[in-house]
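Take a look at the structure below.
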2 protein chains.
Amino acid sequence: MKYKKSVGQNAKERILDVSEKLFAEGSFASVSVRTVTSAAQVNLSAVNYYFGSKKGLFQSVYVRRATLMNHERLGLLQEAVGKAQQEGRAVSVRELINAMLTPPIFWLYEKEKGLSGYIRFLARAYLEAASDMENVLSQEVDVFDKFVPYFQEVNPSLTVEDIYWRIHFIMGVMHHTINHLDRIGLLSHTACRVETREQTRDRMVAFCCEGF
Amino acid sequence: MKYKKSVGQNAKERILDVSEKLFAEGSFASVSVRTVTSAAQVNLSAVNYYFGSKKGLFQSVYVRRATLMNHERLGLLQEAVGKAQQEGRAVSVRELINAMLTPPIFWLYEKEKGLSGYIRFLARAYLEAASDMENVLSQEVDVFDKFVPYFQEVNPSLTVEDIYWRIHFIMGVMHHTINHLDRIGLLSHTACRVETREQTRDRMVAFCCEGF
DNA sequence: CCTCTTTCTAAACGTATGTTTTAAACGATA
DNA sequence: TATCGTTTAAAACATACGTTTAGAAAGAGG
């Protein structure tokens, strides 16, 4: 039934791994198919064979971990909701923002499995032309939509408009940290050292909680 | 003394105007010299004639308005400092953040003079390879350095590290708003309408003040 | 063994890229 | 008008790009 070479199983994922990293560090146009294939040690035509086109590769990089990413966020949300219900209280703003920020930041620090590359890839994908990546935007938006009712519950004085503006700002804090975590030492003249994932996460959550 | 064609004076600036817009909407690699020259209605070789290379053009786009940009920010800072001294008090966090955010946000809404394009260009330039644009980063960093002492004065309990982390987050709010202001309606399912520049600025300042 | 599907390779295709070259057109000066 | 520095123009350059093609190599089933 299955016709596969011994190396074949690795080839496709090796391309995804490599291009995830490369797309994380440069724009779509700046990364050539030849750079990808030579880094992945596969034939030039492998990209078109497996993914149809360069754009197909780009979208496949996104799809591979998209559901897992959002699953983690919603998992944390449900966890917080469960605990809050048990204690007979509303979900706190801190818990909500924590659920939004912890997965991407923890992934950012996870160098081994390539999750760091995916997170940086995602942040960059937001800046590609909307026509190419509109599904990227919409899918992440859907996740945040699920948070809105809880924000409204814990702070009924806020309008939906207020909440979405604040979510927008939180995404800004998140994306900027993802894109420039390695340069924060330069920004601060080495006053800021990159800390543990928990410390970075806590700084972001604290800032965003107060902003909310 | 001056040898110039009647059209010549405009040509160079027309290239800058056009490439400012194009670089604001796409990455460095995705914008071709031919796209620029045809949009500016100049000959293909004009870019290399005036700016030496494509990278030279990119840096010239940055340089053209860089000092003006930072001048505005420092002007607002000095204004706040003067008023505070007159009233015998420290500069408030709100005033500081206001001085940081008002110029870029007001520029973002200024469509006529092309300032909107420059602001979006700047936000994108931050994401280009550090080797190409290290001066971009360092020059904007210098401006924020001047704010640090005032933040320290108004809140002495904060360490320098704390302050730089917060400045980093503020930059995140700013850049993300610059990059995605036009998509915020999509994010919020048309709950958020793009408002006046003052309203947007005030939302950002309010969020960042609380975070600080 | 042969056959079939899948995977991999090498080469070429057509086009787009940044840059250089050559010369013409132009404006001011003498 | 003749000359010189400057600007514009058209063409070509060499390379890089994404993609396609044709065929070889490899594994699985008969």
Side-chain angles (χ1 to χ4, degrees), chain A residues 1-23 25-62 64 121 124-125 128-129 131-133, chain B residues 1-23 25-62 64 121 124-125 128-129 131-133:
Chain A
M1 281 293 181
K2 296 182 178 178
Y3 296 88
K4 291 199 174 177
K5 282 193 182 179
S6 59
V7 200
Q9 309 196 36
N10 306 336
K12 188 171 178 179
E13 281 203 7
R14 210 163 54 228
I15 295 174
L16 287 172
D17 288 340
V18 162
S19 50
E20 191 175 66
K21 272 184 197 162
L22 291 172
F23 283 139
E25 288 159 10
S27 66
F28 177 78
S30 75
V31 176
S32 73
V33 176
R34 283 172 172 82
T35 308
V36 170
T37 52
S38 72
Q41 290 182 306
V42 297
N43 190 269
L44 169 62
S45 52
V47 162
N48 293 278
Y49 174 72
Y50 283 115
F51 307 101
S53 66
K54 185 187 179 184
K55 190 182 289 184
L57 167 61
F58 191 84
Q59 291 173 335
S60 296
V61 170
Y62 167 68
R64 182 165 63 148
F121 162 84
R124 271 194 186 275
E128 295 294 337
S131 58
D132 299 345
M133 293 301 295
Chain B
M1 282 291 181
K2 297 182 179 178
Y3 295 90
K4 291 199 175 178
K5 282 193 181 179
S6 59
V7 200
Q9 311 197 35
N10 306 336
K12 187 171 179 180
E13 281 203 7
R14 210 162 55 227
I15 295 174
L16 287 172
D17 288 340
V18 162
S19 49
E20 190 175 66
K21 272 185 198 160
L22 291 172
F23 283 139
E25 287 159 10
S27 66
F28 178 77
S30 75
V31 176
S32 73
V33 175
R34 281 172 173 81
T35 310
V36 170
T37 52
S38 72
Q41 291 183 307
V42 297
N43 189 267
L44 170 62
S45 51
V47 162
N48 293 278
Y49 175 73
Y50 284 115
F51 307 100
S53 66
K54 185 187 179 185
K55 189 183 290 185
L57 166 62
F58 191 84
Q59 292 173 335
S60 296
V61 171
Y62 166 67
R64 181 166 63 149
F121 161 84
R124 273 195 183 274
E128 294 296 337
S131 58
D132 300 344
M133 291 302 292

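Protein chains get the first letters and strands the later ones, always in sequence-line order, with residue 1 at the start of each.
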In whole Å, what is the span from the [atom1] atom of [X] to the [atom2] atom of [N]?
X       : N      : atom1 : atom2 : result
B/Ile15 : C/dG18 : CD1   : C1'   : 14 Å
B/Gln41 : D/dA10 : CD    : P     : 13 Å
B/Lys12 : D/dT8  : NZ    : C1'   : 15 Å
B/Phe51 : D/dT7  : CZ    : C1'   : 14 Å
B/Asn10 : C/dG27 : CG    : C1'   : 15 Å
B/Tyr50 : C/dG18 : OH    : C1'   : 19 Å

Open item on the list: If you define the side chain from C-beta out and look only at heavy atoms, does anything of B/Ser60 sit under 4.5 Å from B/Leu16?
Closed with: yes
- [ ] Please determine if A/Arg64 and A/Glu20 form a salt bridge, counting it only when a charged side-chain N lies under 4.0 Å from a carboxylate O.
- [x] yes
TODO: Evaluate whether atom CD of B/Gln41 has more than 12 neighbouring non-hydrogen atoms of other residues, nucleotides or ligands under 6.0 angstrom away.
DONE: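 Counting other residues, nucleotides and ligands, CD of B/Gln41 stays at 12 neighbours or fewer.
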TODO: Only counting residues at least two apart or in another chain, list the ones meeting side chain to side chain donor-acceptor pair (under 3.5 Å) with A/Asn48.
DONE: none
- [ ] Name all residues meeting the side chain to side chain donor-acceptor pair (under 3.5 Å) criterion together with A/Ser30; count only those two or more places apart in sequence or in a different chain, and write none if there are none.
- [x]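 Side chain to side chain donor-acceptor pair (under 3.5 Å) check on A/Ser30 returns A/Ser27.
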So which protein nitrogen or oxygen atoms get under 3.5 Å of nucleotides 18-21 of chain D's nitrogens or oxygens?
| unit_1 | atom_1 | unit_2 | atom_2 | d |
| --- | --- | --- | --- | --- |
| D/dG18 | OP1 | A/Val33 | N | 3.4 |
| D/dG18 | OP1 | A/Lys54 | NZ | 2.9 |
| D/dG18 | OP2 | A/Val33 | N | 2.8 |
| D/dG18 | N7 | A/Arg34 | NH1 | 2.7 |
| D/dG18 | O6 | A/Arg34 | NH2 | 2.9 |
| D/dT19 | OP2 | A/Asn48 | OD1 | 3.4 |
| D/dT19 | OP2 | A/Lys54 | N | 2.8 |

Task: Proximity of B/Phe58 and B/Phe28 rings by center, below 6.0 Å - done: yes
